[in-house]
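Here's the structure, in structure tokens; my notes come after.
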There are 2 protein chains.
Amino acid sequence: MVTLAEVAQHAGVSASTVSYVLSGKRSISATTRQRVEQSIRELGYHPNAGARALASSRSNIIALMIPLRTDMYVPVMMEIAIAVATTARTHGYDILLLTGEEGPDAVRRVTGSGLADAMILMDVELDDERLPLLRRSGQPSVLIGLPADTTGLTCVDLDWGATGALCLEHLAGLGHRDIAVIGEAPAVYERHTGFAERTLDGLRTRAKDLGLRVLHRPCEGGYDAMAVTLARIFDERPATTGFVVQNESAVEPLLALLRQQGRAVPEDVSVVAICPDQVAVQASVRLTSVAVPAQEMGRNAVERLVAKLDGRGTDDVVLIAPELTVRASTGPAPTPAV
Amino acid sequence: MVTLAEVAQHAGVSASTVSYVLSGKRSISATTRQRVEQSIRELGYHPNAGARALASSRSNIIALMIPLRTDMYVPVMMEIAIAVATTARTHGYDILLLTGEEGPDAVRRVTGSGLADAMILMDVELDDERLPLLRRSGQPSVLIGLPADTTGLTCVDLDWGATGALCLEHLAGLGHRDIAVIGEAPAVYERHTGFAERTLDGLRTRAKDLGLRVLHRPCEGGYDAMAVTLARIFDERPATTGFVVQNESAVEPLLALLRQQGRAVPEDVSVVAICPDQVAVQASVRLTSVAVPAQEMGRNAVERLVAKLDGRGTDDVVLIAPELTVRASTGPAPTPAV
DNA sequence: GTACTGTGTCGAAGCGCTTCGACGCCGTAT
DNA sequence: ATACGGCGTCGAAGCGCTTCGACACAGTAC
């Protein structure tokens with residue numbers, strides 16, 4: 001293993017000079033710099049991460065807490081995680097992967113040990129138990145998702161309320177009056193996951209404004225669950241002509257079941273999905289959808305965290321405006337047979 | 001920030017004693033141990049990771065290289081990653097997340113800097129460019145996936161060859177003679193991804209033994225690609241009655257298209273999938289499938305890596321035997337109308 | 001009683017790096 | 001010519017921990 005001292009000796013300078021060449025924190029003459037860089041290359045030197053962390057109390061690592069559950073919005077999670085990792089690298093940071101398993105303890109451990117310089121939390125609940133700890137620790141952090149109380153926190157998220165509203169506006173504009181909302185699994189609502197509740201709020205509020213009737217039903221993914229849910233919906237609201245779906249694994253079952261029941265999309269029934277674009281275009285009907293900007297959220301989180309670590313940036317909340325793309329799953333409401 | 005020295009002072013012992021209490025590397029009297037542990041709790045002490053890494057040249061971090069591509073087998077990747085992370089924690093290790101982006105450089109960086117004690121590589125290609133570097137570095141590592149040359153490497157993977165064979169045996173046992181294999185996207189084969197090629201080998205070899213006719217077609221996910229692929233298959237082999245699908249995002253399109261063409265599953269056509277169980281049971285037809293044991297692979301990789309780091313364990317290849325679960329998508333081949 | 005073995009604890013020497021203050025040198029202002 | 005301010009470099013002091021050898025003491029064996 002090659003050390004700084006060896007590089008220094010090889011280049012005929014002192015260790016501190018090599019360090020300054022590496023960090024750029026003091027000016028170094030061009031000739032010296034070149035000589036040092038040459039030695040570094042020749043010897044194949046890599047600074048030792050531990051020593052660096054100890055001396056500078058900076059690990060250049062960002063901890064990313066992902067939810068343990070693999071049963072929902074997996075592609076979104078993965079996309080965020082990858083965006084976070086690649087963006088972090090461009091700023092010289094590595095990502096430490098923490099699963100939700102440890103819960104709040106993970107925050108304590110990471111904060112206490114100086115393992116990471118900062119944290120990104122995903123899958124934030126409205127009243128998340130990790131937050132008090134995070135606030136107290138003073139650990140720089142960014143949340144992907146919005147808790148109920150954001151004071152002193154930095155957050156980024158899609159504007160789910162606006163997303164819900166946007167879906168309804170689109171359907172209302174096409175003349176639909178009775179809308180069914182197919183949501184995430186019941187467990188998601190029970191945990192008071194921010195995005196799910198906020199979407200619902202947005203939907204309901206705008207429904208009131210526009211005079212629409214909205215029926216919300218959580219739904220596990222898969223065909224069997226969807227079949228039951230759909231039957232109940234048409235039972236309760238036979239006049240339903242518009243659907244909003246916020247559950248990737250319910251999209252395809254819904255389309256299949258509608259088809260099977262002889263309800264054509266979009267002639268008889270319109271469907272708006274809230275999902276990544278890839279899911280929307282790969283579905284059996286190209287779906288009108290509001291995209292979940294997973295990459296943008298991941299990138300934004302890292303960039304604002306890095307800004308914080310550099311002493312720039314402030315605590316605040318960034319809500320990404322939703323964008324609805326019209327595809328082939330929505331159309332004018334059918335005129336009711338008189 | 002609380003340091004070891006402060007704990008030592010508080011407990012009235014020397015720093016080294018505290019260290020030995022923590023590591024258990026020397027025997028400590030029960031009373032001293034308790035006193036120290038008490039002090040640790042009272043002061044809220046957390047060992048500093050950097051200092052520890054520097055002094056012991058062990059970071060207690062395992063690097064996990066995941067593929068950058070988010071367009072294929074995402075749920076499997078995620079499941080593996082989570083299994084790796086949780087298993088690692090039970091052994092006191094954290095996971096550093098590396099994306100494929102950096103490629104071989106990441107290996108060099110991690111190895112050189114002592115950032116991680118070991119690596120786990122996913123998405124290994126048959127002739128992976130990271131391997132020479134890995135071998136040379138002497139970095140303890142485990143591959144999830146099987147390269148062409150495994151000398152000096154530790155690997156874990158599903159036995160894809162046996163998986164392919166198993167699928168064919170099942171279909172052959174039901175009387176099917178003409179089998180179509182719907183594979184991953186063409187890019188996957190172009191990259192010479194191990195699992196895809198090995199599955200194909202297994203399929204073809206056993207097909208020969210059993211006298212079956214096999215037609216293999218790579219396929220992008222989604223409905224449009226699947227429609228084209230399926231049309232070509234029936235065009236070329238109208239007598240096809242059995243399908244093997246190794247592409248999560250092609251499963252549902254295939255089922256939908258078959259249905260649409262009036263081919264009943266499993267009465268007219270049988271389908272065997274190679275996918276996680278969850279996908280198999282959530283599909284519109286409960287699929288006969290060979291499960292991809294994502295969790296087991298992740299867990300196994302970590303456990304063998306930890307064994308290596310502890311000086312136990314050897315370089316070798318573990319192939320997990322495939323298991324086929326019969327569900328509702330396969331049945332006897334239809335007797336051809338005479 | 002002495003010699004010896006173990007057990008439990010301590011002190012000190014690093015691990016490889018960053019960073020602060022000091023210092024020599026040269027160019028410019030006086 | 002003298003004084004002065006930068007610039008470029010060096011030396012040394014840690015960062016908080018692990019670990020090795022030393023040592024004191026008690027217990028056992030003769």
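Chain identifiers are assigned alphabetically (A, B, ...) following the order of the sequence lines, protein sequences preceding nucleic acid strands; residue numbering begins at 1 within each chain.
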B/Ala55 or B/Gly12, whichever maps to the more 5' nucleotide of DNA chain C: B/Gly12

Indicate whether any N or O donor in one side chain lies under 3.5 Å from an N or O acceptor in the other, for A/Gln38 and A/Gln34. no

So B/Asp149 and B/Arg135, salt bridge (Lys or Arg N to Asp or Glu O under 4.0 Å) or not? Walk me through it. CA-CA 12 Å; B/Asp149 175 12; B/Arg135 283 202 183 86; 3.7 Å; yes

Is B/Tyr20 close enough to C/dT7 that one of its side-chain N or O atoms is under 4.0 Å from OP1 or OP2 there? no

Salt bridge (Lys or Arg N to Asp or Glu O under 4.0 Å) partners of A/Arg41, counting only residues at least two apart: none

So what does A/Thr3 hit on the nucleic acid, given a heavy-atom distance under 4.0 Å: a base, only sugar-phosphate, or nothing? sugar-phosphate

Give a yes/no answer on whether the side chain of A/Lys25 brings an N or O atom under 4.0 Å of OP1 or OP2 in C/dT18. no

For B/Glu102, give me all partners under salt bridge (Lys or Arg N to Asp or Glu O under 4.0 Å), at least two apart in sequence or on another chain. A/Arg89, B/Arg109

Whole angstroms only, please: what is the CG-C1' distance between A/Leu54 and D/dT18? 12 Å

Tell me yes or no: between the side chains of A/Arg52 and A/Asn48, is some donor less than 3.5 Å from an acceptor? no

If only side-chain N and O atoms of B/Ser16 are considered, is one of them under 4.0 Å from the OP1 or OP2 phosphate oxygen of C/dT9? no

Would you kindly say whether A/Ser29 and A/Thr32 are connected by a side-chain donor-acceptor distance under 3.5 Å? yes

For DNA chain D, what residues of residues 26-33 of chain A have any heavy atom nearer than 4.0 Å? A/Arg26, A/Ser27, A/Ile28, A/Ser29, A/Thr32

Looking at C/dT18, I'd like to know if its phosphate oxygens (OP1 or OP2) sit under 4.0 Å from a side-chain N or O belonging to A/Ser56. no

